[in-house]
Amino acid sequence: MAVTGRFALLVALGALVVGLAWPSGTGVLVVSGVLALAAIADALAAVPVGSLRLDREQDDLVTLRLGTSIEVALRVANPGRRRAVLLLRDAWEPSAGAAPARHRLVVPAGERRRVVSTLTPTRRGDRDAARVTVRSLGPLGLGARQGRRDVPARVRVLPAFGSRRHLPSRLARLRELDGRRAIQVRGQGTEFDSLREYVAGDDVRSIDWRASARSHDLVVRTWRPERDRHVLVVIDTGRSAAGRVGDAPRLDAALDTALLLAALASRGGDRVDLLALDREVRASVLGATERDLLPALVTAMAPLEPRLVEPDMRLLAAAALARAGRRSLVVLVTGLEEAAVTEGLDPVLGALLRRHTLLLAAVADPELATMAAGRGDAEAVYTAAAAGAARDSRRRTAERLARRGVEIVDAAPDDLPPAVADRYLALKAAGRL
């Protein structure tokens, strides 16, 4: 049972009446007793919450992209013979961003009504509905019956893919590499593109003498960067991915980087696969076609959450070697902390570099630069010294890995996706994929 604001108002008025007209203990007891009996009788006259039928309008898993909104509907059926006046709260996880918080509705006897909540999630992943709380008001609006019901529902929030805005400019550069501006010099990482007539200034070594013999003019061969290469994106979902930079964990920047690179590489005719792991494989997308690649990636990425464990780099290396049989570009999105690299990545680096081109992408914290510049007081100076030491350690680690042949991209969350895409284009242009 529950009481309403109307009952509280009557109690206040009763206290005022007692204080002015009947200022005694007997008056207080009489007025309180009458109001309490009225509230109890009113609650008993309300439609029982247990007789109501509640169900979701959406039976299947609903998906939306982070930063967008979606409406979810709850149906309330009243099979009884009396009209039901209800206050209803369809509760969701706080990060689901459900609004409005409460609904007031009237369900006539034998009919059904629906209440609609708008979800605007603030976090990626699966967001679940909590219990539905229903308060059935009595005819006088003084008392009510209240109960809770479990009406399961789940909304899957996909990554926002904010780096999509960088895709058109990178695709334009890719088209220049991919035969739109054919080159004359053949080298590693190129394949035959087409024949065209010789013009002044062309390299005579590119003349195709057999084709020229069948034509009235000299003909030269042109080449383009090789297609159908393999790109394997490996995302570390361990401890380093849980660190927050700004308002989001590093893992979100890693997922955004993987989506931009996958969209770019698949348009360039390359095959893209994904692995996400820490102590075990958390997500895997292998062999998806260009059309199905991005939907498969966002579906696999949506439930990923960082785990506070050290990643198993031996598992990472074994999984990469098993899934990339031929020479591939392995893009590893992980941390660049000196201790983690020394103890985890260094022992398996040789096996990876013998078979593949390795690109290590790390999310840098731009706040370190701000902290390193602080000189306001003694605390700021010590903070600046610590920030400078952290930056120097990252730089030394990156330089040591680069000397071993690892491509390094260390950038802030918003800058990391386009920086990795640019490095991919540079490797493709150089024939190093």
Side-chain angles (χ1 to χ4, degrees), residues 1-19 21-22 26-62 64 69-94 96-121 127-155:
M1 176 181 170
V3 295
T4 65
R6 184 178 298 180
F7 175 79
L9 179 61
L10 287 179
V11 169
L13 291 176
L16 181 62
V17 170
V18 169
W22 198 359
T26 303
V28 172
L29 290 175
V30 170
V31 173
S32 300
V34 170
L35 291 176
L37 290 174
I40 293 172
D42 196 37
L44 293 175
V47 174
V49 174
S51 66
L52 302 174
R53 292 201 297 265
L54 282 69
D55 66 311
R56 297 286 178 184
E57 197 170 81
Q58 297 93 351
D59 295 329
D60 299 330
L61 180 67
V62 180
L64 74 159
S69 300
I70 191 173
E71 292 185 345
V72 292
L74 179 70
R75 294 179 294 203
V76 183
N78 177 20
R81 298 181 179 180
R82 290 180 293 161
R83 185 185 70 159
V85 180
L86 307 175
L87 288 175
L88 183 144
R89 181 173 183 263
D90 186 10
W92 288 73
E93 294 181 27
R102 291 173 176 80
H103 306 267
R104 185 182 181 95
L105 67 156
V106 177
V107 186
E111 295 188 17
R112 184 172 63 182
R113 294 291 184 268
R114 65 196 293 267
V115 294
V116 177
S117 299
T118 301
L119 304 183
T120 308
R127 308 271 77 85
D128 294 315
R131 291 180 176 179
V132 177
T133 303
V134 182
R135 181 174 291 181
S136 177
L137 302 177
L140 301 177
L142 300 178
R145 301 189 186 200
Q146 181 168 307
R148 294 181 177 180
R149 303 278 288 277
D150 289 321
V151 188
R154 174 172 291 179
V155 171

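With sequence neighbours left out, L64 forms a side-chain contact (heavy atoms from CB on, under 4.5 Å) with T68, I70, P121, V155, V157. Every residue two or more places apart in sequence or in another chain was checked for a side-chain hydrogen bond (donor to acceptor under 3.5 Å, both in side chains) with E71, and none qualifies. Applying the side-chain hydrogen bond (donor to acceptor under 3.5 Å, both in side chains) rule to R112 yields no partners; only residues at least two apart in sequence or on another chain are considered. In this structure, the side-chain hydrogen bond (donor to acceptor under 3.5 Å, both in side chains) partners of R114, at least two apart in sequence or on a different chain, are E57. With sequence neighbours excluded, no residue forms a side-chain hydrogen bond (donor to acceptor under 3.5 Å, both in side chains) with T118.
A heavy-atom distance below 4.5 Å is found between the side chains of N78 and L52. Between D128 and W92 the shortest side-chain heavy-atom distance does not fall below 4.5 Å.
For the atom pair CG (L86) and CG (L54), the distance works out to 8.5 Å, reported to the nearest 0.5 Å. Residue R75 holds its CZ atom at 4.0 Å from CG of D55, rounded to the nearest 0.5 Å.
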What side-chain donor-acceptor pairs closer than 3.5 Å can you find for residues 96-108, not counting sequence neighbours?
| from | atom 1 | to | atom 2 | distance (Å) |
| --- | --- | --- | --- | --- |
| H103 | NE2 | S117 | OG | 3.1 |

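In plain terms, the two heavy atoms of T120 and S69 that are nearest each other are OG1-OG, 2.7 Å.
Among pairs with a residue in residues 130-143, those fulfilling side chain to side chain donor-acceptor pair (under 3.5 Å) read R131-D150, R135-Q146, at least two apart in sequence or across chains. Note on residues 76-92: pairs passing salt bridge (Lys or Arg N to Asp or Glu O under 4.0 Å), not counting sequence neighbours, are R56-D90.
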